[in-house]
Amino acid sequence: MNTSVHERESADGPRPGRIVLAEEDIRRRIGELGAEITRDYAHDPPLLVGVLKGAFVVMADIAREIRLPVTFDFMAVSSYGGATHSSGVVRILKDLDIGLEGRSVLVVEDVVDSGLTLHYLLRNLQMRSPRSLEVCAFLVKESRQRVDLPIRYTGFEIPPDFVVGYGLDFDGRFRNLPHLAVLDGI
Ligand code: IMP
Ligand code: MG
């Protein structure tokens, strides 16, 4: 009998474990955030800036809960360092397509851990003279931030475990899980 690489990986390797947030919890909270953003930006529909790759899932869901003519852009960043720790050295892999001058910008992030990635990003975006610059973070890890960050909208505060699903990956995998789970087997 042959055991494929995939089967072996899912049996002993890093894999999704205990569920931290069920699909239904996420849906409810995203709905609340969407309603809040709709109220706050009623007279000033924002440009949503998604931080790839992780934010593509929350971006798609929250955008459809914002009942305003929002526009979209994306940027891709990568933190140097190991797969489960941020080093604070951020590389822009893909920059925005449009300028931010005079725009109301709402950055959509998947997870804030040390906060170093977001800190770098906000400093970078602020230099482009947006009219306003706010952050919506799906997840914020408790007691982990090494910098002060102005996060206007937070989905969930979670314990500092490494988690996967709903856009978050380990080594490129598990982003398409509809719920959030801790990563087991590392
Ligand atoms: P920070 O710079 O330490 O805040 O880390 C932010 C980045 O690290 C995120 O944008 C993710 O790409 C990654 N990250 C941090 N924690 C997790 C996690 O629990 N699962 C998956 N990726 C994570
Ligand atoms: Mg990542």
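Any value given below was found using the heavy atoms of this structure, including those in side chains, with hydrogens, waters and symmetry copies removed. Both ligands and their constituent atoms are indexed starting at 1 by order of listing.
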Problem set entry | Contact check, Asp169 vs ligand 1, heavy-atom distance below 4.0 Å | yes
Exercise. Is the backbone of Glu101 close enough, under 3.5 Å, to the side chain of Ser129 for a donor and an acceptor to pair up by distance?
Worked result: no
For this session: Compute the minimum heavy-atom distance from Lys141 to ligand 1 and say whether it is under 4.0 Å.
Result: yes
Exercise. Between Glu32 and Arg28, does a salt bridge (charged side-chain N to carboxylate O under 4.0 Å, His left out) hold up when you go through it step by step?
Worked result: CA-CA 6 Å; Glu32 290 171 0; Arg28 190 181 325 111; 5.8 Å; no
Exercise. Is Val163 in polar range of ligand 1, meaning some N or O pair under 3.5 Å apart?
Worked result: yes
For this session: Report, in ascending order of atom number, the atoms of ligand 1 lying under 4.0 Å from any heavy atom of Thr117.
Result: 1 (P), 2 (O), 5 (O), 6 (C)
Exercise. Do the non-hydrogen side-chain atoms of Val77 and Thr117 ever get within less than 4.5 Å of each other?
Worked result: yes
Problem set entry | Distance-only N or O hit between ligand 1 and Gly115, under 3.5 Å | yes
Problem set entry | Carboxylate-amine/guanidinium proximity below 4.0 Å for Arg152 and Asp40 | yes
Exercise. Looking only at atom types and distance, does a side-chain atom of Asp73 sit under 3.5 Å from a main-chain N or O of Ile98, one as donor and one as acceptor?
Worked result: yes
Seminar exercise, completed: Any heavy atom of Asp110 under 4.0 Å from ligand 1? The part involved is side chain
Exercise. Would one find more than 12 heavy atoms of other residues, nucleotides or ligands at under 6.0 Å from atom CD of Glu142?
Worked result: yes
For this session: Please identify which atoms of ligand 1 are closer than 4.0 Å to at least one heavy atom of Leu168.
Result: 18 (C), 20 (N), 21 (C)
Exercise. Mind checking whether Gly54 has a heavy atom under 4.0 Å from ligand 1?
Worked result: no
